[in-house]
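Indexing begins at 1, ligand by ligand and atom by atom, following the structure's order. Positions are given from 1, in the same order as the sequence printed here.
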Amino acid sequence: MAIKDLPELECIIPGSAACPGCPATMALRITLKALGKNTIMVVPACCTSVIESLHPNTSFDVPVMNIAFEAAAAGASGVKAALMTQGKDDTTVLAWAGDGGTYDIGIQALSGALERQTDFIYICYNNQIYSNTAIQRSGATPYGAWTTTTVGGKTEFRKEMGEIIQAHHIPYAAQACVSYPEDLYKKVKKAKSIKGPKYIEIMAPCPPGWRFGMEKTVEMGIMAVETGAWALYEYENDTVTFNGKSKLILEKKIERKPIEDWIKQQGRFRHLFKPKKDVKKIKTIEEHIDLIWDRYRKCYL
Ligand SMILES: Cc1ncc(C[n+]2csc(CCOP(=O)(O)OP(=O)(O)O)c2C)c(N)n1
Ligand code: SF4
């Protein structure tokens, strides 16, 4: 599929409150092209709850229920139950949350909904920070990254959310990236065709949060995949299948690019290069990515 073959349907109409170059809005456009208008979204506190509605206007052309930060998956479970009571089985329920609302505060509601086999799609757009409240660290923030709560660079590694999701043995999960819209579209379409809980996580490079120019969002996502900082894969029936460049990296058909190529373009890692290059910390980041890929190879090859 080529990008020109994506449906013309637009459920995110012009005039949103997103920053220029916003990955969340790009991901939403593609997701809703795949799901169509018969979708009800449940959105906790995050950038999207601002993007969607500066009262009295909205740029969303699907119904949205805003809910407390920790409650996206619980709210979606309630919406699904209400629809079932009304015999409306064909409406897709989509919980849409940031990484703060997923990895951290919303994880117990998410785990509960997955365990209850709720028939819904949960999408986490992962910009690796709490961006709506001005860039605090989350469980998804990578080691070494500056945020307003990790001023010298984060000292912990990011959580492996994909492995936590897989431990729930749900019918479908996937990792995608906003820079690969056709791949994202196909993964959302597949999720829509499967009954039960589905989880998709979308890498979403955020220009103000990561400190790069707004024209570079797509490039930052491509670099995340090509350096191995992010992997594209699908999880189905307890089997993980890598795709795109991630498959080639997994099978060692190509070398992943050095992490420095990616982080040196982001102001959140500037302290690792100026005033002096912090070779030790950059090596720590590189070695940790190698460790993750070694684990992927052991588990999934
Ligand atoms: C219980 C609670 N704590 C804190 C907040 C303030 N708050 C609103 S949005 C947000 C950050 C959300 O981060 P994330 O889920 O990563 O989404 P993003 O902002 O990056 O889109 C925070 C901390 C809140 N609304 N509710
Ligand atoms: S801070 Fe980042 S995620 Fe939030 S609206 Fe701006 S670009 Fe989008």
Side-chain angles (χ1 to χ4, degrees), residues 12-32 41-55 57-60 64-76 94-111 122-142 145-150 154 156 158-159 161 164-165 176-179 181 184 199-221 224 230 265-268:
I12 307 299
I13 47 189
S16 84
C19 311
C22 173
T25 319
M26 290 157 67
L28 267 167
R29 273 186 74 197
I30 305 300
T31 296
L32 290 169
M41 289 184 67
V42 180
V43 178
C46 60
C47 276
T48 304
S49 49
V50 177
I51 293 168
E52 99 212 357
S53 57
L54 285 183
H55 183 76
N57 302 309
T58 180
S59 58
F60 279 35
V64 183
M65 183 169 95
N66 272 298
I67 198 154
F69 198 11
E70 58 275 40
L94 170 66
W96 176 274
D99 49 287
T102 303
Y103 281 57
D104 301 336
I105 194 166
I107 195 168
Q108 59 92 0
L110 171 60
S111 177
Y122 188 106
I123 294 189
C124 167
Y125 64 98
N126 178 0
N127 59 18
Q128 303 191 323
I129 38 163
Y130 293 66
S131 56
N132 185 48
T133 40
I135 319 168
Q136 292 84 26
R137 58 90 88 190
S138 79
T141 307
W146 165 92
T147 68
T148 53
T149 48
T150 56
K154 192 182 172 194
E156 302 82 25
R158 71 173 171 82
K159 207 184 272 186
M161 196 64 186
I164 295 171
I165 297 295
C177 173
V178 72
S179 309
L184 171 60
Y199 176 91
I200 299 177
E201 189 165 329
I202 306 172
M203 173 48 56
C206 164
W210 295 16
R211 301 287 197 246
F212 62 81
M214 61 180 102
E215 72 287 359
K216 290 201 163 183
T217 304
V218 171
E219 193 182 324
M220 285 302 137
W230 188 246
Q265 299 194 54
Q266 302 168 37
R268 64 177 174 159

Checklist entry - So, Thr58 side chain and Glu52 main chain: donor-acceptor pair closer than 3.5 Å or not? => result yes
Item to check | Sub-2.8 Å protein N, O or S atoms surrounding atom 4 (Fe) of ligand 2 | outcome: Cys47 SG
Checklist entry - Is any N or O atom of Gln136, backbone or side chain, closer than 3.5 Å to an N or O atom of ligand 1? => result no
Item to check | Least distance between heavy atoms, Arg158 atom then Lys154 atom | outcome: CA-NZ, 4.2 Å
Next on the checklist: Looking only at protein heavy atoms, which one is nearest to atom 9 (S) of ligand 1, and what is the separation?
Outcome noted: Asn132 ND2, 3.3 Å
Next on the checklist: Regarding Thr48 and Tyr125, do their side chains bring together a donor and an acceptor under 3.5 Å, going by distance alone?
Outcome noted: yes
Checklist entry - Should the proximity of Asn127 to ligand 1, defined as any heavy atom under 4.0 Å, be assigned to the side chain, the backbone, both, or neither? => result side chain
Next on the checklist: According to side-chain contact (heavy atoms from CB on, under 4.5 Å), who are the partners of Ala224, at least two apart in sequence or on a separate chain?
Outcome noted: Met203, Trp230, Trp262
Next on the checklist: Considering only residues two or more places apart or on different chains, which pairs with a residue in residues 200-210 satisfy side chain to side chain donor-acceptor pair (under 3.5 Å)?
Outcome noted: Tyr103-Glu201, Asn126-Glu201, Tyr199-Glu201
Next on the checklist: Which of the numbered atoms in ligand 1 are under 4.0 angstrom from any heavy atom belonging to Cys47?
Outcome noted: 18 (P), 19 (O), 21 (O)
Checklist entry - Quick one: are Val42 and Trp96 in side-chain contact, heavy atoms under 4.5 Å? => result no
Checklist entry - Nearest to atom 17 (O) of ligand 1, what protein heavy atom do you find, and at what distance? => result Cys46 CB, 3.3 Å
Item to check | Atoms in ligand 1 flagged as close to Ala45, the criterion being non-hydrogen separation under 4.0 Å | outcome: 8 (C), 9 (S), 12 (C), 25 (N)
Item to check | N or O pair under 3.5 Å between Ile129 and ligand 1 | outcome: yes
Checklist entry - What is the closest protein heavy atom to atom 4 (C) of ligand 1, and at what distance does it sit? => result Phe69 CD2, 3.8 Å
Checklist outcome for this item: Here the pair of heavy atoms bringing Val178 nearest to Ile202 is N-CG2, 3.7 Å
Item to check | Polar side-chain atom of Ser179 near backbone of Met220 as donor-acceptor pair, under 3.5 Å | outcome: no
Next on the checklist: Checking contacts here: is it the side chain or the backbone of Tyr130 that comes within 4.0 Å of ligand 1, counting heavy atoms only? Could be both or neither.
Outcome noted: both
Item to check | Nearest heavy atoms of Ala72 and Tyr122, plus distance in Å | outcome: CB-CE1, 4.3 Å
Checklist outcome for this item: Ranking Val43, Thr133, Thr102 by closest non-hydrogen atom to atom 22 (C) of ligand 1, top hit is Thr133
Please tabulate, for side-chain N and O atoms in residues 13-32, each donor-acceptor pair with protein atoms closer than 3.5 Å (sequence neighbours left out).
| unit_1 | atom_1 | unit_2 | atom_2 | d |
| --- | --- | --- | --- | --- |
| Ser16 | OG | Ala18 | N | 3.2 |
| Arg29 | NE | Glu10 | OE1 | 2.9 |
| Arg29 | NH2 | Glu10 | OE2 | 2.5 |
| Thr31 | OG1 | Ala27 | O | 2.8 |

Checklist entry - Which atom names give the shortest non-hydrogen contact between Ala97 and Pro44, and what distance separates them? => result CB-CG, 3.6 Å
Checklist outcome for this item: ligand 1 to Ser131, heavy atom cutoff 4.0 Å, flagged ligand atoms 18 (P), 19 (O), 20 (O), 21 (O)
Checklist outcome for this item: Taking every heavy atom of Asp99 against every heavy atom of Ser138, the minimum-distance pair comes out as OD2-OG, 2.6 Å
Checklist entry - When you measure from atom 15 (O) of ligand 1 to every protein heavy atom, which one gives the shortest distance, and what is it? => result Gly101 N, 2.8 Å
Checklist entry - Which heavy atom of the protein is the closest neighbour of atom 21 (O) of ligand 1, given with residue, atom name and distance? => result Tyr125 OH, 2.5 Å
Checklist entry - Going by the order shown, which atoms of ligand 1 are within less than 4.0 Å of some heavy atom of Gly100? => result 14 (P), 15 (O), 16 (O)
Next on the checklist: Side chains of Thr147 and Tyr130: any donor to acceptor distance under 3.5 Å?
Outcome noted: no
